[in-house]
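Step one of this worksheet: look at the structure below.
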Protein chains: 2
Amino acid sequence: MTILENAEAGDGLRERKKAQTRRAIHEAAYRLVDEQGFESTTIDQICHQADVSSRTFFNYYPSKNAAALGLSGESLDDGAATRFRSASGSLVDALCDMIAGGDQFAARHLRLKRLVKRNPELMPTLGSLMTAARGRLIDLAAERAASRDEAELAVSLVLAALALTVHSTTESDLPSAVRLRSSVDAIVAVRNAPLRSAELVETVA
Amino acid sequence: MTILENAEAGDGLRERKKAQTRRAIHEAAYRLVDEQGFESTTIDQICHQADVSSRTFFNYYPSKNAAALGLSGESLDDGAATRFRSASGSLVDALCDMIAGGDQFAARHLRLKRLVKRNPELMPTLGSLMTAARGRLIDLAAERAASRDEAELAVSLVLAALALTVHSTTESDLPSAVRLRSSVDAIVAVRNAPLRSAELVETVA
DNA sequence: CAAAGATTTTGCAGGCAACGCAATCTTACG
DNA sequence: CGTAAGATTGCGTTGCCTGCAAAATCTTTG
(Lines give C-alpha, C1' and ligand atoms only; values in the text may rest on other atoms or scores of the structure.)
Protein backbone atom coordinates (compact mmCIF):
# COMPACT_ATOMS: atom_id res chain seq x y z
CA MET A 1 0.00 0.00 0.00
CA THR A 2 2.77 2.38 0.79
CA ILE A 3 4.34 1.62 -2.50
CA LEU A 4 1.24 1.16 -4.58
CA GLU A 5 -0.07 4.66 -4.01
CA ASN A 6 -0.12 5.46 -7.67
CA ALA A 7 0.06 2.15 -9.41
CA GLU A 8 -3.64 1.60 -9.78
CA ALA A 9 -5.86 0.47 -12.62
CA GLY A 10 -3.36 -1.82 -14.29
CA ASP A 11 -4.87 -4.02 -16.96
CA GLY A 12 -3.31 -7.21 -15.69
CA LEU A 13 -0.97 -8.37 -13.02
CA ARG A 14 1.94 -7.67 -15.30
CA GLU A 15 1.10 -4.02 -15.73
CA ARG A 16 0.60 -3.55 -12.04
CA LYS A 17 3.88 -5.16 -11.20
CA LYS A 18 5.73 -2.99 -13.64
CA ALA A 19 4.26 0.16 -12.20
CA GLN A 20 5.11 -1.06 -8.74
CA THR A 21 8.68 -1.81 -9.66
CA ARG A 22 9.16 1.53 -11.33
CA ARG A 23 7.86 3.25 -8.28
CA ALA A 24 9.99 1.18 -5.95
CA ILE A 25 13.11 2.06 -7.86
CA HIS A 26 12.35 5.76 -7.88
CA GLU A 27 11.44 5.73 -4.23
CA ALA A 28 14.68 4.05 -3.29
CA ALA A 29 16.72 6.34 -5.51
CA TYR A 30 15.06 9.44 -4.15
CA ARG A 31 15.51 8.48 -0.54
CA LEU A 32 19.13 7.44 -0.86
CA VAL A 33 20.11 10.48 -2.88
CA ASP A 34 18.31 12.71 -0.44
CA GLU A 35 20.16 11.17 2.48
CA GLN A 36 23.62 10.56 1.09
CA GLY A 37 23.91 12.90 -1.85
CA PHE A 38 23.85 12.05 -5.51
CA GLU A 39 27.47 11.21 -6.15
CA SER A 40 27.89 8.98 -3.19
CA THR A 41 24.83 6.93 -3.99
CA THR A 42 25.55 4.01 -6.26
CA ILE A 43 23.14 2.24 -8.52
CA ASP A 44 23.86 -0.97 -6.68
CA GLN A 45 22.63 0.57 -3.45
CA ILE A 46 19.43 1.66 -5.14
CA CYS A 47 18.92 -1.78 -6.59
CA HIS A 48 19.47 -3.42 -3.26
CA GLN A 49 16.86 -1.19 -1.64
CA ALA A 50 14.39 -1.73 -4.42
CA ASP A 51 15.06 -5.44 -4.58
CA VAL A 52 15.89 -5.64 -8.23
CA SER A 53 19.01 -6.56 -10.10
CA SER A 54 21.16 -3.75 -11.41
CA ARG A 55 20.34 -4.89 -14.89
CA THR A 56 16.64 -4.47 -14.28
CA PHE A 57 17.26 -0.97 -13.06
CA PHE A 58 18.12 0.02 -16.60
CA ASN A 59 14.95 -1.54 -17.92
CA TYR A 60 13.09 1.19 -16.09
CA TYR A 61 15.31 4.23 -16.07
CA PRO A 62 18.00 5.13 -18.54
CA SER A 63 20.27 6.69 -15.93
CA LYS A 64 20.78 7.33 -12.27
CA ASN A 65 19.68 10.93 -12.79
CA ALA A 66 16.38 9.93 -14.28
CA ALA A 67 15.69 7.47 -11.50
CA ALA A 68 16.42 9.98 -8.77
CA LEU A 69 14.19 12.60 -10.34
CA GLY A 70 11.60 10.03 -11.31
CA LEU A 71 11.37 11.08 -14.92
CA SER A 72 10.58 8.13 -17.06
CA GLY A 73 11.28 9.94 -20.27
CA GLU A 74 7.94 11.65 -20.39
CA SER A 75 8.18 14.70 -18.20
CA LEU A 76 4.57 15.55 -18.92
CA ASP A 77 1.68 13.71 -17.38
CA ASP A 78 -1.02 12.09 -19.45
CA GLY A 79 -3.54 14.88 -19.27
CA ALA A 80 -1.06 17.48 -20.45
CA ALA A 81 -1.78 17.39 -24.16
CA THR A 82 -5.51 17.35 -23.53
CA ARG A 83 -5.26 20.28 -21.15
CA PHE A 84 -3.37 22.24 -23.73
CA ARG A 85 -5.78 21.53 -26.54
CA SER A 86 -8.78 22.58 -24.52
CA ALA A 87 -7.23 25.61 -22.84
CA SER A 88 -8.35 29.14 -23.52
CA GLY A 89 -6.61 32.48 -23.08
CA SER A 90 -3.26 33.28 -24.56
CA LEU A 91 -0.79 30.79 -25.97
CA VAL A 92 1.54 31.30 -23.04
CA ASP A 93 -1.24 30.82 -20.53
CA ALA A 94 -2.20 27.58 -22.20
CA LEU A 95 1.36 26.32 -21.96
CA CYS A 96 1.43 27.17 -18.27
CA ASP A 97 -1.75 25.19 -17.76
CA MET A 98 -0.40 22.27 -19.67
CA ILE A 99 2.85 22.09 -17.76
CA ALA A 100 1.72 22.94 -14.27
CA GLY A 101 -1.97 22.19 -14.41
CA GLY A 102 -1.86 18.52 -13.49
CA ASP A 103 -2.83 17.52 -9.96
CA GLN A 104 0.43 15.72 -9.31
CA PHE A 105 2.50 18.65 -10.49
CA ALA A 106 2.71 20.55 -7.23
CA ALA A 107 3.78 17.50 -5.27
CA ARG A 108 6.34 16.42 -7.83
CA HIS A 109 7.66 19.91 -8.04
CA LEU A 110 8.17 20.12 -4.31
CA ARG A 111 10.02 16.80 -4.15
CA LEU A 112 12.18 17.92 -6.98
CA LYS A 113 12.99 21.27 -5.44
CA ARG A 114 13.90 19.64 -2.20
CA LEU A 115 16.22 17.21 -3.88
CA VAL A 116 17.93 19.83 -6.01
CA LYS A 117 18.30 22.19 -3.10
CA ARG A 118 19.97 19.63 -0.90
CA ASN A 119 21.98 18.44 -3.79
CA PRO A 120 22.99 21.23 -6.15
CA GLU A 121 24.97 18.89 -8.38
CA LEU A 122 21.60 17.91 -9.82
CA MET A 123 20.82 21.41 -11.04
CA PRO A 124 22.60 20.98 -14.35
CA THR A 125 20.86 17.65 -14.78
CA LEU A 126 17.59 19.42 -14.36
CA GLY A 127 18.55 21.96 -16.96
CA SER A 128 19.50 19.21 -19.29
CA LEU A 129 16.15 17.51 -18.83
CA MET A 130 14.28 20.70 -19.49
CA THR A 131 16.26 21.25 -22.64
CA ALA A 132 15.46 17.73 -23.71
CA ALA A 133 11.74 18.35 -23.26
CA ARG A 134 11.95 21.55 -25.26
CA GLY A 135 11.47 19.96 -28.64
CA ARG A 136 8.38 18.04 -27.64
CA LEU A 137 6.86 21.14 -26.08
CA ILE A 138 7.48 23.18 -29.19
CA ASP A 139 5.82 20.57 -31.34
CA LEU A 140 2.76 20.68 -29.18
CA ALA A 141 2.71 24.45 -28.92
CA ALA A 142 2.97 24.79 -32.67
CA GLU A 143 -0.47 23.20 -32.97
CA ARG A 144 -2.10 26.30 -31.61
CA ALA A 145 0.45 28.99 -32.42
CA ALA A 146 0.46 31.29 -35.40
CA SER A 147 3.82 29.95 -36.50
CA ARG A 148 6.55 27.64 -35.41
CA ASP A 149 8.70 30.62 -34.47
CA GLU A 150 6.01 31.87 -32.18
CA ALA A 151 5.78 28.44 -30.60
CA GLU A 152 9.51 28.46 -29.91
CA LEU A 153 9.32 31.88 -28.34
CA ALA A 154 6.41 30.94 -26.12
CA VAL A 155 8.07 27.74 -24.95
CA SER A 156 11.31 29.60 -24.22
CA LEU A 157 9.44 32.04 -22.04
CA VAL A 158 7.54 29.41 -20.12
CA LEU A 159 10.60 27.24 -19.58
CA ALA A 160 12.48 30.23 -18.23
CA ALA A 161 9.68 30.79 -15.77
CA LEU A 162 9.69 27.14 -14.84
CA ALA A 163 13.41 27.22 -14.11
CA LEU A 164 12.75 30.21 -11.93
CA THR A 165 10.13 28.47 -9.85
CA VAL A 166 12.46 25.56 -9.27
CA HIS A 167 15.13 27.82 -7.85
CA SER A 168 12.83 30.07 -5.90
CA THR A 169 12.42 29.28 -2.25
CA THR A 170 8.98 30.70 -1.69
CA GLU A 171 6.25 28.19 -1.07
CA SER A 172 2.92 29.50 -2.12
CA ASP A 173 -0.59 28.18 -1.82
CA LEU A 174 -1.61 29.33 -5.24
CA PRO A 175 -2.35 26.68 -7.84
CA SER A 176 0.84 25.81 -9.66
CA ALA A 177 -0.35 26.99 -13.04
CA VAL A 178 -1.14 30.39 -11.63
CA ARG A 179 2.24 30.62 -9.99
CA LEU A 180 3.92 29.74 -13.23
CA ARG A 181 2.01 32.45 -14.99
CA SER A 182 2.97 35.01 -12.44
CA SER A 183 6.61 34.03 -12.92
CA VAL A 184 6.14 34.59 -16.61
CA ASP A 185 4.77 38.04 -15.96
CA ALA A 186 7.60 38.88 -13.60
CA ILE A 187 10.11 37.95 -16.28
CA VAL A 188 8.38 40.02 -18.90
CA ALA A 189 8.20 42.95 -16.52
CA VAL A 190 11.92 42.97 -15.87
CA ARG A 191 12.73 43.78 -19.48
CA ASN A 192 13.19 47.49 -18.86
CA ALA A 193 14.46 47.47 -15.33
CA PRO A 194 17.14 50.14 -15.00
CA LEU A 195 20.77 49.65 -14.02
CA ARG A 196 22.10 50.89 -10.76
CA SER A 197 24.56 53.65 -11.47
CA ALA A 198 28.13 52.63 -12.25
CA GLU A 199 29.60 54.66 -9.37
CA LEU A 200 27.71 52.62 -6.86
CA VAL A 201 29.13 49.53 -8.48
CA GLU A 202 32.69 50.73 -8.01
CA THR A 203 31.98 51.05 -4.34
CA VAL A 204 30.71 47.51 -4.16
CA ALA A 205 33.60 46.09 -6.16
CA MET B 1 50.92 28.27 -35.99
CA THR B 2 47.76 26.50 -36.95
CA ILE B 3 47.30 25.60 -33.36
CA LEU B 4 48.51 28.78 -31.79
CA GLU B 5 45.88 31.01 -33.33
CA ASN B 6 44.57 32.19 -30.04
CA ALA B 7 47.22 31.36 -27.51
CA GLU B 8 48.88 34.73 -27.48
CA ALA B 9 50.12 37.02 -24.79
CA GLY B 10 51.08 34.37 -22.28
CA ASP B 11 53.11 35.67 -19.39
CA GLY B 12 55.75 32.98 -19.64
CA LEU B 13 56.48 29.87 -21.59
CA ARG B 14 54.41 27.86 -19.18
CA GLU B 15 51.27 29.86 -19.72
CA ARG B 16 51.64 29.72 -23.45
CA LYS B 17 52.11 25.99 -23.45
CA LYS B 18 49.06 25.47 -21.33
CA ALA B 19 46.93 27.56 -23.61
CA GLN B 20 48.29 25.67 -26.57
CA THR B 21 47.53 22.30 -25.01
CA ARG B 22 44.04 23.32 -24.05
CA ARG B 23 43.39 24.48 -27.55
CA ALA B 24 44.85 21.33 -29.07
CA ILE B 25 42.59 19.17 -26.95
CA HIS B 26 39.51 21.14 -27.80
CA GLU B 27 40.40 21.20 -31.47
CA ALA B 28 40.84 17.45 -31.57
CA ALA B 29 37.67 16.84 -29.61
CA TYR B 30 35.66 19.17 -31.80
CA ARG B 31 36.86 17.66 -35.03
CA LEU B 32 36.41 14.06 -33.99
CA VAL B 33 32.97 14.63 -32.52
CA ASP B 34 31.94 16.55 -35.58
CA GLU B 35 33.06 13.72 -37.84
CA GLN B 36 32.13 10.62 -35.88
CA GLY B 37 29.46 11.79 -33.48
CA PHE B 38 29.76 12.27 -29.77
CA GLU B 39 29.07 8.80 -28.47
CA SER B 40 31.38 7.03 -30.83
CA THR B 41 34.30 9.28 -30.06
CA THR B 42 36.39 8.06 -27.17
CA ILE B 43 38.59 10.15 -24.94
CA ASP B 44 41.53 8.01 -25.96
CA GLN B 45 41.04 9.01 -29.57
CA ILE B 46 40.98 12.66 -28.63
CA CYS B 47 44.12 12.27 -26.55
CA HIS B 48 45.89 10.51 -29.36
CA GLN B 49 45.07 13.31 -31.78
CA ALA B 50 46.09 15.98 -29.31
CA ASP B 51 49.21 14.14 -28.26
CA VAL B 52 48.55 14.07 -24.57
CA SER B 53 47.94 11.28 -22.12
CA SER B 54 44.39 10.53 -21.18
CA ARG B 55 45.22 11.63 -17.68
CA THR B 56 46.31 15.05 -18.87
CA PHE B 57 43.04 15.40 -20.69
CA PHE B 58 41.30 15.69 -17.36
CA ASN B 59 43.71 18.33 -16.19
CA TYR B 60 42.19 20.61 -18.80
CA TYR B 61 38.58 19.60 -19.14
CA PRO B 62 36.39 17.96 -16.56
CA SER B 63 34.52 15.86 -19.09
CA LYS B 64 34.29 14.87 -22.70
CA ASN B 65 31.32 17.19 -23.08
CA ALA B 66 33.25 20.19 -21.91
CA ALA B 67 36.17 19.40 -24.19
CA ALA B 68 33.98 19.05 -27.25
CA LEU B 69 32.22 22.33 -26.57
CA GLY B 70 35.43 24.01 -25.48
CA LEU B 71 34.08 25.31 -22.21
CA SER B 72 36.82 25.46 -19.67
CA GLY B 73 34.49 26.01 -16.75
CA GLU B 74 34.33 29.73 -17.35
CA SER B 75 31.77 30.18 -20.07
CA LEU B 76 32.38 33.92 -19.98
CA ASP B 77 35.40 35.53 -21.51
CA ASP B 78 37.68 37.77 -19.52
CA GLY B 79 36.19 41.07 -20.58
CA ALA B 80 32.71 40.00 -19.61
CA ALA B 81 32.61 41.33 -16.08
CA THR B 82 34.20 44.58 -17.15
CA ARG B 83 31.74 45.00 -19.98
CA PHE B 84 28.89 44.48 -17.61
CA ARG B 85 30.15 46.95 -15.05
CA SER B 86 30.62 49.68 -17.60
CA ALA B 87 27.47 49.07 -19.62
CA SER B 88 24.63 51.51 -19.78
CA GLY B 89 20.96 51.13 -20.64
CA SER B 90 18.71 48.63 -18.92
CA LEU B 91 19.81 45.75 -16.75
CA VAL B 92 18.80 43.24 -19.38
CA ASP B 93 20.66 45.10 -22.10
CA ALA B 94 23.77 45.10 -19.98
CA LEU B 95 23.54 41.34 -19.51
CA CYS B 96 23.20 40.89 -23.26
CA ASP B 97 26.32 42.94 -23.80
CA MET B 98 28.19 41.00 -21.20
CA ILE B 99 27.32 37.60 -22.60
CA ALA B 100 27.42 38.27 -26.30
CA GLY B 101 29.56 41.39 -26.50
CA GLY B 102 32.96 39.74 -26.72
CA ASP B 103 34.66 39.57 -30.10
CA GLN B 104 35.08 35.81 -29.96
CA PHE B 105 31.45 35.23 -29.10
CA ALA B 106 30.04 35.09 -32.60
CA ALA B 107 32.63 32.60 -33.80
CA ARG B 108 32.28 30.39 -30.75
CA HIS B 109 28.57 30.52 -31.04
CA LEU B 110 28.63 29.38 -34.64
CA ARG B 111 30.93 26.45 -33.93
CA LEU B 112 28.71 25.45 -31.10
CA LYS B 113 25.56 25.64 -33.14
CA ARG B 114 27.09 23.54 -35.85
CA LEU B 115 28.18 20.87 -33.43
CA VAL B 116 24.87 20.70 -31.64
CA LYS B 117 22.93 20.63 -34.87
CA ARG B 118 24.89 17.75 -36.28
CA ASN B 119 24.85 16.03 -32.98
CA PRO B 120 21.62 16.58 -31.10
CA GLU B 121 22.69 14.40 -28.20
CA LEU B 122 24.68 17.41 -27.05
CA MET B 123 21.66 19.65 -26.66
CA PRO B 124 20.91 18.55 -23.12
CA THR B 125 24.56 19.03 -22.29
CA LEU B 126 24.28 22.56 -23.47
CA GLY B 127 21.26 23.13 -21.31
CA SER B 128 23.11 21.71 -18.39
CA LEU B 129 26.03 24.06 -18.93
CA MET B 130 23.80 27.06 -19.15
CA THR B 131 22.10 26.07 -15.95
CA ALA B 132 25.47 25.71 -14.32
CA ALA B 133 26.45 29.22 -15.36
CA ARG B 134 23.21 30.60 -14.01
CA GLY B 135 24.41 31.11 -10.48
CA ARG B 136 27.50 33.03 -11.48
CA LEU B 137 25.50 35.25 -13.79
CA ILE B 138 23.01 36.03 -11.08
CA ASP B 139 25.76 37.00 -8.69
CA LEU B 140 27.17 39.41 -11.21
CA ALA B 141 23.80 40.79 -12.20
CA ALA B 142 22.92 41.41 -8.59
CA GLU B 143 25.68 44.00 -8.43
CA ARG B 144 23.70 46.35 -10.56
CA ALA B 145 20.15 45.20 -9.96
CA ALA B 146 17.67 46.63 -7.50
CA SER B 147 17.39 43.28 -5.74
CA ARG B 148 18.54 39.73 -6.03
CA ASP B 149 15.11 38.70 -7.22
CA GLU B 150 15.34 41.18 -10.02
CA ALA B 151 18.74 39.80 -10.95
CA GLU B 152 17.32 36.29 -11.14
CA LEU B 153 14.50 37.43 -13.35
CA ALA B 154 16.79 39.28 -15.70
CA VAL B 155 19.19 36.36 -16.00
CA SER B 156 16.30 33.99 -16.66
CA LEU B 157 15.11 36.15 -19.48
CA VAL B 158 18.51 36.53 -21.09
CA LEU B 159 19.33 32.84 -20.81
CA ALA B 160 16.04 31.98 -22.45
CA ALA B 161 16.96 34.26 -25.31
CA LEU B 162 20.39 32.70 -25.52
CA ALA B 163 18.92 29.21 -25.76
CA LEU B 164 16.75 30.49 -28.52
CA THR B 165 19.64 31.82 -30.57
CA VAL B 166 21.40 28.49 -30.27
CA HIS B 167 18.47 26.62 -31.72
CA SER B 168 17.57 29.16 -34.36
CA THR B 169 18.92 28.54 -37.80
CA THR B 170 19.06 32.09 -39.08
CA GLU B 171 22.50 33.52 -39.57
CA SER B 172 22.49 37.22 -39.21
CA ASP B 173 25.11 39.89 -39.73
CA LEU B 174 24.07 41.90 -36.74
CA PRO B 175 26.46 42.12 -33.82
CA SER B 176 25.76 39.25 -31.47
CA ALA B 177 24.75 41.41 -28.56
CA VAL B 178 22.14 43.13 -30.67
CA ARG B 179 20.80 39.83 -31.87
CA LEU B 180 20.52 38.60 -28.35
CA ARG B 181 18.61 41.69 -27.40
CA SER B 182 16.20 41.25 -30.24
CA SER B 183 15.59 37.68 -29.12
CA VAL B 184 14.81 39.04 -25.70
CA ASP B 185 12.31 41.44 -27.17
CA ALA B 186 10.72 38.72 -29.25
CA ILE B 187 10.22 36.61 -26.16
CA VAL B 188 8.70 39.47 -24.23
CA ALA B 189 6.42 40.26 -27.13
CA VAL B 190 4.97 36.77 -27.28
CA ARG B 191 3.45 37.01 -23.84
CA ASN B 192 -0.01 37.85 -25.08
CA ALA B 193 -0.04 36.02 -28.36
CA PRO B 194 -3.50 34.52 -28.86
CA LEU B 195 -4.34 30.86 -29.25
CA ARG B 196 -5.58 29.46 -32.48
CA SER B 197 -9.16 28.38 -32.01
CA ALA B 198 -9.77 24.94 -30.57
CA GLU B 199 -11.81 23.76 -33.56
CA LEU B 200 -8.87 24.20 -35.83
CA VAL B 201 -6.87 22.11 -33.45
CA GLU B 202 -9.30 19.22 -33.60
CA THR B 203 -8.85 19.21 -37.33
CA VAL B 204 -5.13 18.99 -36.99
CA ALA B 205 -5.26 16.26 -34.39
C1' DC C 1 -5.19 -27.42 -15.80
C1' DA C 2 -1.27 -28.02 -18.49
C1' DA C 3 1.60 -26.67 -22.24
C1' DA C 4 2.88 -23.24 -25.55
C1' DG C 5 3.75 -18.33 -26.12
C1' DA C 6 5.08 -13.80 -24.70
C1' DT C 7 7.71 -10.79 -21.49
C1' DT C 8 10.37 -9.67 -17.77
C1' DT C 9 14.28 -10.52 -14.81
C1' DT C 10 18.81 -11.66 -14.11
C1' DG C 11 23.88 -12.90 -14.50
C1' DC C 12 27.84 -12.31 -17.02
C1' DA C 13 31.20 -9.98 -19.57
C1' DG C 14 32.98 -5.85 -21.12
C1' DG C 15 33.64 -0.85 -22.79
C1' DC C 16 34.33 3.56 -21.36
C1' DA C 17 34.38 7.81 -18.32
C1' DA C 18 36.46 9.81 -14.51
C1' DC C 19 39.24 10.14 -10.27
C1' DG C 20 43.42 9.41 -6.81
C1' DC C 21 48.09 8.68 -6.22
C1' DA C 22 52.86 8.74 -6.83
C1' DA C 23 56.78 9.00 -9.99
C1' DT C 24 58.93 11.71 -13.59
C1' DC C 25 59.87 15.48 -16.30
C1' DT C 26 59.71 20.62 -17.31
C1' DT C 27 59.78 25.44 -16.25
C1' DA C 28 60.82 29.30 -13.03
C1' DC C 29 63.72 31.73 -10.07
C1' DG C 30 67.32 32.90 -6.94
C1' DC D 1 73.41 25.70 -11.49
C1' DG D 2 70.34 23.88 -8.16
C1' DT D 3 66.22 23.94 -5.88
C1' DA D 4 61.32 24.83 -5.64
C1' DA D 5 56.94 24.90 -8.09
C1' DG D 6 54.17 23.00 -11.33
C1' DA D 7 52.80 19.90 -15.34
C1' DT D 8 52.56 15.30 -17.44
C1' DT D 9 52.13 10.66 -17.27
C1' DG D 10 51.18 5.67 -16.01
C1' DC D 11 48.75 2.65 -13.20
C1' DG D 12 44.99 1.11 -10.73
C1' DT D 13 40.21 1.62 -9.15
C1' DT D 14 35.38 2.62 -9.06
C1' DG D 15 31.10 3.09 -11.16
C1' DC D 16 27.83 3.90 -15.10
C1' DC D 17 25.82 1.70 -18.75
C1' DT D 18 25.01 -1.84 -22.64
C1' DG D 19 24.50 -6.39 -25.25
C1' DC D 20 23.54 -11.05 -25.03
C1' DA D 21 21.48 -15.29 -23.78
C1' DA D 22 19.58 -18.19 -20.06
C1' DA D 23 16.16 -18.54 -16.34
C1' DA D 24 11.92 -17.09 -14.16
C1' DT D 25 7.28 -15.23 -14.52
C1' DC D 26 2.84 -14.02 -16.43
C1' DT D 27 -0.75 -14.98 -20.21
C1' DT D 28 -3.29 -17.49 -23.29
C1' DT D 29 -5.29 -21.38 -25.40
C1' DG D 30 -6.69 -26.08 -26.22
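Letters A, B, ... are given to chains in the order of the sequence lines, protein chains preceding strands, and every chain is numbered from 1.
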Compute whether any side-chain donor of one residue and acceptor of the other, for A:S182 and A:D185, lie under 3.5 angstrom apart.
no
Let me know the distance between CD1 of A:I43 and C1' of D:dT18, rounded to the nearest Å.
12 Å
Tell me the interatomic distance from B:D44, atom CG, to C:dG14, atom C1', rounded to whole angstroms.
15 Å
For B:R31 and B:H26, what are the C-alpha separation, side-chain angles and deciding distance, and is it a side chain to side chain donor-acceptor pair (under 3.5 Å)?
CA-CA 8 Å; B:R31 182 150 28 91; B:H26 167 55; over 6 Å; no
I want to confirm an ordering. Mapping B:D51 and B:R14 to their closest nucleotides on DNA chain D, which one lands closer to the 5' end?
B:R14
Whether B:E152 side chain and B:D149 backbone form a donor-acceptor pair below 3.5 Å:
no
Describe the nucleic acid contact of A:S40 in one word from base, sugar-phosphate, nothing, applying a heavy-atom distance below 4.0 Å.
nothing
Using a heavy-atom cut-off of 4.0 Å across all strands, would you classify B:S54 as base, sugar-phosphate, or nothing?
nothing
Would you indicate, yes or no, if C:dT10 has its OP1 or OP2 atom less than 4.0 angstrom from a side-chain nitrogen or oxygen of A:S53?
yes
Could you tell me the separation between the OH atom of A:Y60 and the C1' atom of C:dT10, rounded to a whole number of Å?
13 Å
Would you check if there is a donor-acceptor pair between the side chains of A:N59 and A:T56 at a distance under 3.5 Å?
no
Please determine whether a side-chain nitrogen or oxygen atom of A:T42 lies at a distance below 4.0 Å from atom OP1 or OP2 of D:dG15.
no
Would you please confirm or rule out a distance under 4.0 Å between OP1 or OP2 of D:dC26 and any side-chain N or O of A:K17?
yes
Rounding to an integer number of Å, can you tell me how far A:K64 NZ sits from D:dT14 P?
15 Å
What is the distance, rounded to the nearest whole Å, between atom CD of A:E39 and atom P of D:dC16?
9 Å
Side chain of B:R55, base of C:dG20: donor and acceptor closer than 3.5 Å?
yes
Determine the interplanar angle of the A:H109 and A:F105 rings, folded into 0 to 90°, and report it as parallel if under 30°, tilted if 30 to 60°, perpendicular if over 60°.
parallel
Without decimals, in angstroms, what is the distance between A:F38 CZ and D:dG15 C1'?
12 Å
Less than 4.0 angstrom between a side-chain N/O of B:Y61 and OP1 or OP2 of C:dA18, yes or no?
no
D:dG15 C1' sits how many Å from A:I46 CD1, rounded?
12 Å
Does OP1 or OP2 of D:dA7 have a side-chain N or O of B:K18 closer than 4.0 Å?
yes
Rounding to an integer number of Å, can you tell me how far A:R22 CZ sits from C:dT8 P?
11 Å
Identify which nucleotide among C:dA18, D:dT9, C:dT9 has an atom closest to any side-chain atom of B:T56, counting heavy atoms from C-beta outward.
D:dT9
